[in-house]
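This report refers to the structure that appears directly beneath it.
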2 protein chains.
Amino acid sequence: MDDVDRRIIDHLVRDGRAGYARIAADVGLSAPAVKRRVDRLVADGVVKGFTAVVDPDLMGWAVEAYVEVHCRGTITPEALGSAFARIPEIHAAATVSGQADAILRIVARDVRDLERALERVRTEVDNVDHTDTAIVLSRLIDRYTG
Amino acid sequence: MDDVDRRIIDHLVRDGRAGYARIAADVGLSAPAVKRRVDRLVADGVVKGFTAVVDPDLMGWAVEAYVEVHCRGTITPEALGSAFARIPEIHAAATVSGQADAILRIVARDVRDLERALERVRTEVDNVDHTDTAIVLSRLIDRYTG
DNA sequence: GGTGAAATGAGCACATG
DNA sequence: CATGTGCTCATTTCACC
(Lines give C-alpha, C1' and ligand atoms only; values in the text may rest on other atoms or scores of the structure.)
Protein backbone atom coordinates (compact mmCIF):
# COMPACT_ATOMS: atom_id res chain seq x y z
CA MET A 1 0.00 0.00 0.00
CA ASP A 2 2.14 2.87 -1.23
CA ASP A 3 1.13 6.26 -2.50
CA VAL A 4 0.61 5.01 -6.05
CA ASP A 5 -1.93 2.50 -4.77
CA ARG A 6 -3.74 5.29 -2.98
CA ARG A 7 -3.87 7.41 -6.14
CA ILE A 8 -5.17 4.44 -8.13
CA ILE A 9 -7.88 3.83 -5.53
CA ASP A 10 -8.75 7.51 -5.50
CA HIS A 11 -9.17 7.42 -9.27
CA LEU A 12 -11.34 4.30 -9.10
CA VAL A 13 -13.51 5.79 -6.36
CA ARG A 14 -14.11 8.86 -8.53
CA ASP A 15 -14.76 6.72 -11.65
CA GLY A 16 -15.29 3.04 -11.01
CA ARG A 17 -15.31 2.24 -14.74
CA ALA A 18 -12.13 4.09 -15.63
CA GLY A 19 -9.87 2.20 -18.00
CA TYR A 20 -6.39 1.11 -16.97
CA ALA A 21 -4.80 3.36 -19.61
CA ARG A 22 -6.41 6.48 -18.13
CA ILE A 23 -5.41 5.55 -14.60
CA ALA A 24 -1.92 4.73 -15.83
CA ALA A 25 -1.55 8.17 -17.40
CA ASP A 26 -2.76 9.68 -14.14
CA VAL A 27 -0.31 7.90 -11.86
CA GLY A 28 2.63 7.60 -14.26
CA LEU A 29 2.70 3.85 -14.89
CA SER A 30 1.89 1.56 -17.77
CA ALA A 31 -1.58 0.05 -18.13
CA PRO A 32 -0.55 -3.53 -17.27
CA ALA A 33 1.24 -2.31 -14.15
CA VAL A 34 -1.95 -0.58 -13.04
CA LYS A 35 -3.98 -3.71 -13.72
CA ARG A 36 -1.60 -5.79 -11.61
CA ARG A 37 -1.93 -3.34 -8.74
CA VAL A 38 -5.72 -3.22 -9.01
CA ASP A 39 -5.89 -7.03 -9.11
CA ARG A 40 -3.71 -7.18 -6.02
CA LEU A 41 -5.79 -4.55 -4.21
CA VAL A 42 -8.95 -6.51 -4.97
CA ALA A 43 -7.33 -9.81 -3.94
CA ASP A 44 -6.11 -8.26 -0.69
CA GLY A 45 -9.59 -6.92 0.05
CA VAL A 46 -8.54 -3.29 0.08
CA VAL A 47 -10.90 -2.77 -2.85
CA LYS A 48 -13.94 -4.84 -1.98
CA GLY A 49 -15.63 -4.38 -5.35
CA PHE A 50 -17.14 -1.96 -7.81
CA THR A 51 -20.66 -0.66 -7.87
CA ALA A 52 -23.03 1.72 -9.61
CA VAL A 53 -24.22 4.73 -7.62
CA VAL A 54 -27.96 4.89 -8.01
CA ASP A 55 -30.27 7.81 -7.25
CA PRO A 56 -32.57 6.35 -4.59
CA ASP A 57 -35.39 8.79 -5.33
CA LEU A 58 -35.52 7.92 -9.03
CA MET A 59 -35.46 4.22 -8.23
CA GLY A 60 -38.51 4.34 -6.00
CA TRP A 61 -36.52 3.63 -2.84
CA ALA A 62 -38.21 6.66 -1.36
CA VAL A 63 -37.98 6.12 2.39
CA GLU A 64 -34.69 6.12 4.25
CA ALA A 65 -34.17 6.18 8.01
CA TYR A 66 -31.46 6.12 10.64
CA VAL A 67 -32.39 3.87 13.54
CA GLU A 68 -30.82 3.67 16.98
CA VAL A 69 -31.10 0.19 18.47
CA HIS A 70 -31.11 0.01 22.26
CA CYS A 71 -30.69 -3.41 23.85
CA ARG A 72 -31.19 -4.85 27.32
CA GLY A 73 -28.12 -6.37 28.94
CA THR A 74 -25.24 -7.30 26.71
CA ILE A 75 -25.23 -8.74 23.22
CA THR A 76 -22.31 -9.64 20.97
CA PRO A 77 -21.67 -7.73 17.75
CA GLU A 78 -21.72 -11.08 15.94
CA ALA A 79 -25.24 -11.88 17.14
CA LEU A 80 -26.42 -8.43 16.11
CA GLY A 81 -24.75 -8.70 12.73
CA SER A 82 -26.21 -12.07 11.83
CA ALA A 83 -29.68 -10.93 12.87
CA PHE A 84 -29.44 -7.68 10.90
CA ALA A 85 -28.12 -9.53 7.86
CA ARG A 86 -31.47 -11.28 7.49
CA ILE A 87 -33.29 -7.98 7.01
CA PRO A 88 -32.60 -6.78 3.46
CA GLU A 89 -33.77 -3.22 4.07
CA ILE A 90 -30.79 -2.67 6.38
CA HIS A 91 -28.08 -1.18 4.18
CA ALA A 92 -25.66 -0.32 6.94
CA ALA A 93 -25.30 -1.41 10.52
CA ALA A 94 -22.65 -0.73 13.12
CA THR A 95 -22.23 -1.06 16.85
CA VAL A 96 -21.51 2.30 18.41
CA SER A 97 -20.33 3.93 21.58
CA GLY A 98 -22.73 5.97 23.62
CA GLN A 99 -26.27 5.28 24.73
CA ALA A 100 -27.37 3.28 21.70
CA ASP A 101 -25.94 -0.18 21.03
CA ALA A 102 -26.18 -0.02 17.25
CA ILE A 103 -27.13 2.36 14.48
CA LEU A 104 -28.83 1.20 11.28
CA ARG A 105 -29.38 2.86 7.95
CA ILE A 106 -32.59 1.46 6.50
CA VAL A 107 -33.67 2.04 2.91
CA ALA A 108 -37.24 1.02 2.18
CA ARG A 109 -39.65 1.39 -0.73
CA ASP A 110 -42.28 3.15 1.36
CA VAL A 111 -43.33 3.79 4.94
CA ARG A 112 -45.05 0.43 5.09
CA ASP A 113 -41.79 -1.32 4.17
CA LEU A 114 -39.93 0.71 6.77
CA GLU A 115 -42.46 -0.24 9.43
CA ARG A 116 -42.15 -3.90 8.51
CA ALA A 117 -38.34 -3.75 8.71
CA LEU A 118 -38.47 -2.05 12.11
CA GLU A 119 -40.88 -4.68 13.35
CA ARG A 120 -38.43 -7.37 12.25
CA VAL A 121 -35.60 -5.58 14.08
CA ARG A 122 -37.64 -5.52 17.28
CA THR A 123 -38.75 -9.15 17.05
CA GLU A 124 -35.91 -11.01 15.31
CA VAL A 125 -33.00 -9.43 17.16
CA ASP A 126 -32.48 -10.66 20.70
CA ASN A 127 -32.79 -8.34 23.69
CA VAL A 128 -33.93 -5.28 21.79
CA ASP A 129 -35.34 -2.85 24.31
CA HIS A 130 -36.47 -0.18 21.92
CA THR A 131 -35.59 1.54 18.66
CA ASP A 132 -35.37 5.25 17.93
CA THR A 133 -36.11 6.11 14.31
CA ALA A 134 -35.21 9.28 12.43
CA ILE A 135 -36.75 9.33 8.96
CA VAL A 136 -34.70 11.14 6.31
CA LEU A 137 -36.44 14.24 5.02
CA SER A 138 -33.86 15.36 2.47
CA ARG A 139 -30.49 13.94 1.50
CA LEU A 140 -27.95 16.76 1.79
CA ILE A 141 -24.71 14.91 1.02
CA ASP A 142 -23.85 11.47 -0.36
CA ARG A 143 -20.11 11.25 -0.81
CA TYR A 144 -18.05 8.23 -1.62
CA THR A 145 -14.64 9.66 -0.90
CA GLY A 146 -13.19 12.23 1.45
CA MET B 1 -37.58 2.69 -16.49
CA ASP B 2 -38.86 -0.79 -17.20
CA ASP B 3 -37.94 -4.08 -15.64
CA VAL B 4 -34.97 -4.59 -17.98
CA ASP B 5 -33.50 -1.29 -16.78
CA ARG B 6 -33.88 -2.44 -13.20
CA ARG B 7 -32.10 -5.71 -13.94
CA ILE B 8 -29.28 -3.84 -15.68
CA ILE B 9 -28.94 -1.52 -12.68
CA ASP B 10 -29.00 -4.48 -10.32
CA HIS B 11 -26.20 -6.09 -12.31
CA LEU B 12 -24.15 -2.88 -12.28
CA VAL B 13 -24.65 -2.41 -8.54
CA ARG B 14 -23.36 -5.95 -7.96
CA ASP B 15 -20.45 -5.43 -10.38
CA GLY B 16 -19.80 -1.87 -11.45
CA ARG B 17 -17.14 -2.95 -13.95
CA ALA B 18 -19.21 -5.62 -15.68
CA GLY B 19 -18.91 -5.61 -19.47
CA TYR B 20 -21.92 -4.94 -21.66
CA ALA B 21 -21.79 -8.44 -23.12
CA ARG B 22 -22.15 -10.08 -19.70
CA ILE B 23 -25.03 -7.81 -18.73
CA ALA B 24 -26.61 -8.46 -22.12
CA ALA B 25 -26.48 -12.21 -21.59
CA ASP B 26 -28.04 -11.68 -18.17
CA VAL B 27 -30.99 -9.60 -19.30
CA GLY B 28 -31.47 -11.14 -22.75
CA LEU B 29 -30.43 -8.28 -24.99
CA SER B 30 -27.48 -7.50 -27.26
CA ALA B 31 -24.45 -5.62 -25.96
CA PRO B 32 -25.13 -2.39 -27.88
CA ALA B 33 -28.71 -2.31 -26.63
CA VAL B 34 -27.44 -2.59 -23.06
CA LYS B 35 -24.89 0.17 -23.64
CA ARG B 36 -27.60 2.47 -25.00
CA ARG B 37 -29.76 1.81 -21.93
CA VAL B 38 -26.87 2.39 -19.54
CA ASP B 39 -25.97 5.63 -21.33
CA ARG B 40 -29.58 6.76 -21.03
CA LEU B 41 -29.75 5.80 -17.34
CA VAL B 42 -26.58 7.80 -16.66
CA ALA B 43 -27.83 10.76 -18.71
CA ASP B 44 -31.16 10.70 -16.87
CA GLY B 45 -29.36 10.65 -13.54
CA VAL B 46 -30.82 7.35 -12.41
CA VAL B 47 -27.27 6.03 -12.34
CA LYS B 48 -25.22 8.84 -10.83
CA GLY B 49 -21.87 7.21 -11.43
CA PHE B 50 -19.61 4.28 -10.70
CA THR B 51 -17.25 3.83 -7.81
CA ALA B 52 -14.88 1.43 -6.11
CA VAL B 53 -15.92 0.03 -2.76
CA VAL B 54 -12.97 0.41 -0.43
CA ASP B 55 -12.41 -1.28 2.92
CA PRO B 56 -12.13 1.69 5.29
CA ASP B 57 -10.11 -0.22 7.89
CA LEU B 58 -7.43 -1.26 5.40
CA MET B 59 -7.22 2.30 4.06
CA GLY B 60 -6.48 3.88 7.40
CA TRP B 61 -9.82 5.65 7.57
CA ALA B 62 -10.17 4.10 10.98
CA VAL B 63 -12.67 6.31 12.75
CA GLU B 64 -16.28 6.57 11.69
CA ALA B 65 -19.13 8.20 13.59
CA TYR B 66 -22.81 8.98 13.33
CA VAL B 67 -23.58 12.45 14.56
CA GLU B 68 -26.93 13.96 15.47
CA VAL B 69 -27.03 17.71 14.86
CA HIS B 70 -29.45 19.67 17.02
CA CYS B 71 -30.14 23.27 16.06
CA ARG B 72 -31.73 26.25 17.73
CA GLY B 73 -34.74 27.72 15.97
CA THR B 74 -35.22 26.88 12.32
CA ILE B 75 -32.68 26.45 9.58
CA THR B 76 -33.18 25.60 5.93
CA PRO B 77 -31.92 22.29 4.51
CA GLU B 78 -30.05 24.31 1.88
CA ALA B 79 -28.09 26.24 4.50
CA LEU B 80 -27.23 23.03 6.32
CA GLY B 81 -26.21 21.31 3.09
CA SER B 82 -23.88 24.08 1.90
CA ALA B 83 -22.25 24.26 5.33
CA PHE B 84 -21.78 20.51 5.56
CA ALA B 85 -20.39 20.37 2.03
CA ARG B 86 -17.34 22.38 3.16
CA ILE B 87 -16.37 19.67 5.66
CA PRO B 88 -14.78 16.82 3.70
CA GLU B 89 -15.01 14.29 6.53
CA ILE B 90 -18.81 14.35 6.21
CA HIS B 91 -19.63 11.49 3.84
CA ALA B 92 -23.38 11.57 4.30
CA ALA B 93 -25.76 14.15 5.65
CA ALA B 94 -29.53 14.28 5.78
CA THR B 95 -32.21 16.26 7.52
CA VAL B 96 -34.42 13.97 9.58
CA SER B 97 -37.67 13.87 11.46
CA GLY B 98 -37.64 13.56 15.23
CA GLN B 99 -35.62 15.38 17.85
CA ALA B 100 -32.46 15.87 15.82
CA ASP B 101 -32.39 18.23 12.85
CA ALA B 102 -29.79 16.33 10.84
CA ILE B 103 -27.75 13.17 10.97
CA LEU B 104 -24.20 12.97 9.66
CA ARG B 105 -21.94 10.06 8.84
CA ILE B 106 -18.39 11.20 9.41
CA VAL B 107 -15.37 9.20 8.28
CA ALA B 108 -12.09 10.45 9.70
CA ARG B 109 -8.49 9.27 9.72
CA ASP B 110 -8.25 9.23 13.49
CA VAL B 111 -9.93 10.59 16.60
CA ARG B 112 -8.12 13.89 16.20
CA ASP B 113 -9.59 14.31 12.70
CA LEU B 114 -13.03 13.44 14.01
CA GLU B 115 -12.74 16.00 16.75
CA ARG B 116 -11.64 18.65 14.25
CA ALA B 117 -14.59 17.87 11.98
CA LEU B 118 -17.05 18.04 14.87
CA GLU B 119 -15.58 21.37 15.93
CA ARG B 120 -16.14 22.67 12.38
CA VAL B 121 -19.73 21.44 12.47
CA ARG B 122 -20.36 23.32 15.71
CA THR B 123 -18.69 26.54 14.57
CA GLU B 124 -19.27 26.76 10.81
CA VAL B 125 -22.90 25.68 10.74
CA ASP B 126 -25.35 28.34 11.90
CA ASN B 127 -27.52 27.84 14.97
CA VAL B 128 -26.05 24.54 16.04
CA ASP B 129 -27.13 23.95 19.62
CA HIS B 130 -25.26 20.72 20.22
CA THR B 131 -24.12 17.52 18.55
CA ASP B 132 -24.52 13.96 19.77
CA THR B 133 -21.80 11.64 18.51
CA ALA B 134 -21.86 7.84 18.33
CA ILE B 135 -18.47 6.44 17.33
CA VAL B 136 -18.60 3.23 15.30
CA LEU B 137 -17.09 0.30 17.17
CA SER B 138 -17.55 -2.39 14.53
CA ARG B 139 -19.11 -2.30 11.08
CA LEU B 140 -21.71 -5.07 10.91
CA ILE B 141 -23.21 -4.49 7.46
CA ASP B 142 -22.25 -2.36 4.47
CA ARG B 143 -24.63 -3.10 1.64
CA TYR B 144 -25.01 -1.25 -1.58
CA THR B 145 -28.29 -2.74 -2.73
CA GLY B 146 -31.36 -4.19 -1.08
C1' DG C 1 7.62 -2.53 -13.85
C1' DG C 2 7.87 -2.26 -19.16
C1' DT C 3 6.91 -4.13 -23.94
C1' DG C 4 4.54 -6.29 -27.61
C1' DA C 5 1.04 -9.54 -29.38
C1' DA C 6 -3.22 -11.96 -29.03
C1' DA C 7 -7.84 -12.04 -27.31
C1' DT C 8 -11.56 -9.61 -25.71
C1' DG C 9 -14.74 -6.02 -25.57
C1' DA C 10 -16.39 -1.29 -26.79
C1' DG C 11 -18.52 1.69 -29.91
C1' DC C 12 -20.52 3.03 -34.24
C1' DA C 13 -23.34 2.97 -38.84
C1' DC C 14 -26.86 0.78 -40.81
C1' DA C 15 -30.68 -2.36 -41.41
C1' DT C 16 -34.92 -4.40 -39.23
C1' DG C 17 -39.49 -5.12 -36.90
C1' DC D 1 -38.45 4.01 -31.17
C1' DA D 2 -35.67 0.35 -29.55
C1' DT D 3 -33.10 -3.68 -31.01
C1' DG D 4 -29.88 -6.63 -33.74
C1' DT D 5 -25.80 -7.27 -36.91
C1' DG D 6 -21.27 -6.61 -38.72
C1' DC D 7 -17.41 -3.99 -38.67
C1' DT D 8 -13.46 -1.11 -36.82
C1' DC D 9 -10.87 0.38 -33.17
C1' DA D 10 -9.58 0.52 -28.40
C1' DT D 11 -8.71 -2.02 -24.31
C1' DT D 12 -7.66 -5.73 -21.73
C1' DT D 13 -4.67 -9.41 -20.68
C1' DC D 14 -1.19 -12.48 -21.31
C1' DA D 15 3.45 -13.89 -22.57
C1' DC D 16 8.28 -12.63 -21.82
C1' DC D 17 12.21 -9.21 -20.97
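All heavy atoms count here, side chains included; hydrogens, waters and symmetry mates do not. Everything numeric here is computed off the predicted structure, so don't read it as measured data. In the text below, chain A, chain B and the rest are named by the order of the sequence lines, each starting its count at 1.
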message: My understanding is that only residues two or more places apart in sequence, or in another chain, count here; which of them pass side-chain hydrogen bond (donor to acceptor under 3.5 Å, both in side chains) with A:Glu119?
response: none

task: Determine the sole option in B:Arg6, B:Arg14, B:Arg7 for which the side chain to side chain donor-acceptor pair (under 3.5 Å) test with B:Asp10 is passed.
output: B:Arg14

Degree of bending, the helix from C:dG1-D:dC17 to C:dG17-D:dC1 (end axes from five pairs; round to 10°): 40°

- request: Return each pair, listed once, that meets salt bridge (Lys or Arg N to Asp or Glu O under 4.0 Å) where at least one residue sits in residues 103-114 of chain B; pairs must be two or more places apart or across chains.
  value: B:Glu64-B:Arg105, B:Asp113-B:Arg116

- request: Would you list the pairs meeting salt bridge (Lys or Arg N to Asp or Glu O under 4.0 Å) in which at least one residue belongs to residues 67-85 of chain B, sequence neighbours left out?
  value: B:Arg72-B:Asp129

message: Between C1' on C:dG11 and CG on B:Leu29, what's the gap in Å once rounded to a whole number?
response: 17 Å

- prompt: What is the distance from CG of B:Asp2 to P of D:dA2, rounded to the nearest Å?
  reply: 10 Å

query: Does NZ or CZ of B:Arg143 come closer than 6.0 Å to the centre of the six-membered ring of A:Phe84, within 45° of the ring's axis?
result: no

task: Salt-bridge test for A:Asp26 and A:Arg22: reply yes if a basic N is under 4.0 Å from a carboxylate O, no otherwise.
output: no

- request: Provide the closest heavy-atom pair for A:Ala18 versus A:His11 in the form atom of the first, atom of the second, distance.
  value: CB-CD2, 3.7 Å

statement: Nucleotide by nucleotide, nucleotides 6-17 of chain D touches protein heavy atoms under 4.0 Å in the pattern (B base, S sugar-phosphate only, - none) ------SBB---

statement: ring pair (Phe, Tyr, Trp, His ring centres under 6.0 Å) pairs touching residues 103-136 of chain B, sequence neighbours excluded, are B:His70-B:His130

